[in-house]
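Here is the structure we will look at, set down as structure tokens.
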Amino acid sequence: MKSFITQLNKAFESRIRLGIMSMLMVNDTVDFLTLKEMLDASDGNIASHISALEKAGYLAVEKKFIGKKTNTSYSVTPEGRRAFNEHLNALEQLLKR
Amino acid sequence: MNQEKDYLQDLTDIRSMMERSTRFISLSGLSGVFVGIVALTGAGIAHWKVKQFFYEVDTSYVDQSYSSDYNNLFINLTIIALSVLIIALLGGWYFTARKAKKQGQKIWTKASRQLLTNLFIPLVAGGVFCIAMYYHRLVGLIAPGMLIFYGLALVNSSKYTLNDIRYLGLLEITLGLIALFFYGYGLYFWVIGFGVLHILYGISMYYKYDRKK
């Protein structure tokens, strides 16, 4: 049983991070505003979780200009996809026990 | 044990986040019922117009395809069809927007945009197809054509909304294909597909999703 717990990824421990990753898994790209609306959290809160996921190499950031406004969108990296799937499998195993 | 509950909660959150960010789930059953009623009303008026036409105009001695009365009838029928489409879209949008508001969800999301785009691609193609059939005087194939293309549109857009829509689409396609072989009975199939099926589906979806919450 302990082995499953160690498989849980620390990077995904918060609700917000789980939410961000879930959305990125099923959408090609997601922009900041959508993340904010769906997760119902503050800008700063989401930004800090995003940068943590980016540092871990799980998430890629793309900045575009639409007119004069910046539009930042995020996508999941192959490594992030793999890590998230492993995390999901570990969760599943824990519950199946 | 508390921890186990947390993991379960995590999985539930993940699932709902994945679904909410790709699917537009605020589709209201009442929209379906409304669309169905509008379709039935439209079909009733169309039926009455056609009957009136055959009653008033002596069609026995002219090539009816080219008489101006015949063209008038079709202009009338086109106006009825377009009005039905517009009223149905507006009403359908109203009930769905109302439900989205109640659930605290946005109606204009990436998922709803994708839903509409994928709905309208086959729908516009079908519209042009039906106009071409009218142009070639294949009037009896218009109703089956509408049913088939509408069904394809529903199946195509169902990945971005509730799964029930997929089955509604398959039913519409089946009905349209059957109608192809019953030339001249198009309006009856149209009434079943656009009127009856919408109302039945609307009611069942209303009880399945709307009433619970």
Side-chain angles (χ1 to χ4, degrees), chain A residues 1-2 4-41 46 49-50 53 58-59 66 71-76 80-81 83-97, chain B residues 1-28 93 96-121 154-166 209 213:
Chain A
M1 154 190 179
K2 259 183 188 158
F4 288 131
I5 288 187
T6 53
Q7 278 173 27
L8 285 178
N9 197 328
K10 283 256 189 277
F12 301 133
E13 234 155 42
S14 92
R15 277 284 130 77
I16 306 267
R17 286 187 205 176
L18 276 181
I20 294 172
M21 288 304 287
S22 315
M23 274 191 258
L24 293 181
M25 291 290 281
V26 288
N27 290 287
D28 296 340
T29 61
V30 178
D31 59 29
F32 192 85
L33 198 70
T34 311
L35 284 178
K36 200 183 136 184
E37 276 170 4
M38 296 285 287
L39 295 166
D40 202 20
I46 289 177
H49 285 299
I50 285 174
L53 288 170
Y58 294 160
L59 171 157
I66 298 179
N71 178 288
T72 316
S73 60
Y74 306 93
S75 57
V76 66
R81 194 171 284 277
F84 193 68
N85 274 327
E86 272 172 16
H87 184 74
L88 284 184
N89 287 339
L91 277 179
E92 219 170 51
Q93 293 297 329
L94 272 169
L95 288 168
K96 259 193 211 155
R97 231 177 345 112
Chain B
M1 281 306 101
N2 220 354
Q3 216 174 14
E4 196 156 306
K5 236 182 182 172
D6 279 355
Y7 297 142
L8 196 63
Q9 186 58 43
D10 279 0
L11 278 178
T12 318
D13 283 354
I14 290 167
R15 175 164 296 193
S16 107
M17 216 29 105
M18 284 180 166
E19 199 155 282
R20 274 208 295 145
S21 67
T22 48
R23 284 173 187 263
F24 181 72
I25 52 169
S26 304
L27 209 60
S28 167
W93 186 80
T96 291
R98 204 178 67 161
K99 183 178 169 191
K101 206 173 173 187
K102 243 189 228 163
Q103 289 180 330
Q105 302 226 353
K106 293 250 151 54
I107 190 164
W108 200 239
T109 61
K110 193 175 176 180
S112 70
R113 280 196 295 273
Q114 263 168 334
L115 170 68
L116 287 177
T117 317
N118 284 283
L119 184 75
F120 273 96
I121 293 169
L154 289 182
V155 170
N156 195 42
S157 58
S158 65
K159 1 183 213 307
Y160 302 103
T161 184
L162 302 167
N163 215 27
D164 309 57
I165 296 303
R166 187 183 175 78
Y209 301 106
K213 284 160 200 173

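Here is the naming used below: chain letters follow the sequence lines, and residue numbers restart at 1 for every chain. In this text, all values refer to a predicted model and were calculated from it rather than measured experimentally.
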Margin query: For A:S73, is there any backbone N or O sitting under 3.5 Å from a side-chain donor or acceptor partner on A:D31?
Written below: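 No: the side chain of A:D31 does not pair with the backbone of A:S73.
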Notebook entry, point to check: Between A:L18, A:T34, A:L88, which residue shows the highest count of heavy-atom pairs closer than 4.5 Å to chain B?
Noted result: A:L18
Item checked: A:S14 portion near chain B, given a 4.5 angstrom heavy-atom threshold -> neither
Next item on the list: Can you tell which part of A:M25 gets under 4.5 Å to a heavy atom of chain B, answering side chain, backbone, both or neither?
Entry: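 Side chain of A:M25 only, per the 4.5 Å heavy-atom cut-off to chain B.
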Item checked: A:F32 and A:Y74 aromatic ring geometry - parallel, tilted or perpendicular at 30°/60° bounds ->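 Geometry flag for A:F32 against A:Y74: tilted rings.
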Note to self: If you define the side chain from C-beta out and look only at heavy atoms, does anything of B:D13 sit under 4.5 Å from B:M17?
What the structure shows: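 In short, these two side chains do not touch, never coming nearer than 4.5 Å.
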Note to self: Restricting to non-hydrogen atoms, name the atom on A:A11 and the atom on A:Y58 that form the minimum distance, rounded to 0.1 Å.
What the structure shows: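 For A:A11 versus A:Y58, the nearest heavy atoms are CB-CE1, 3.8 Å.
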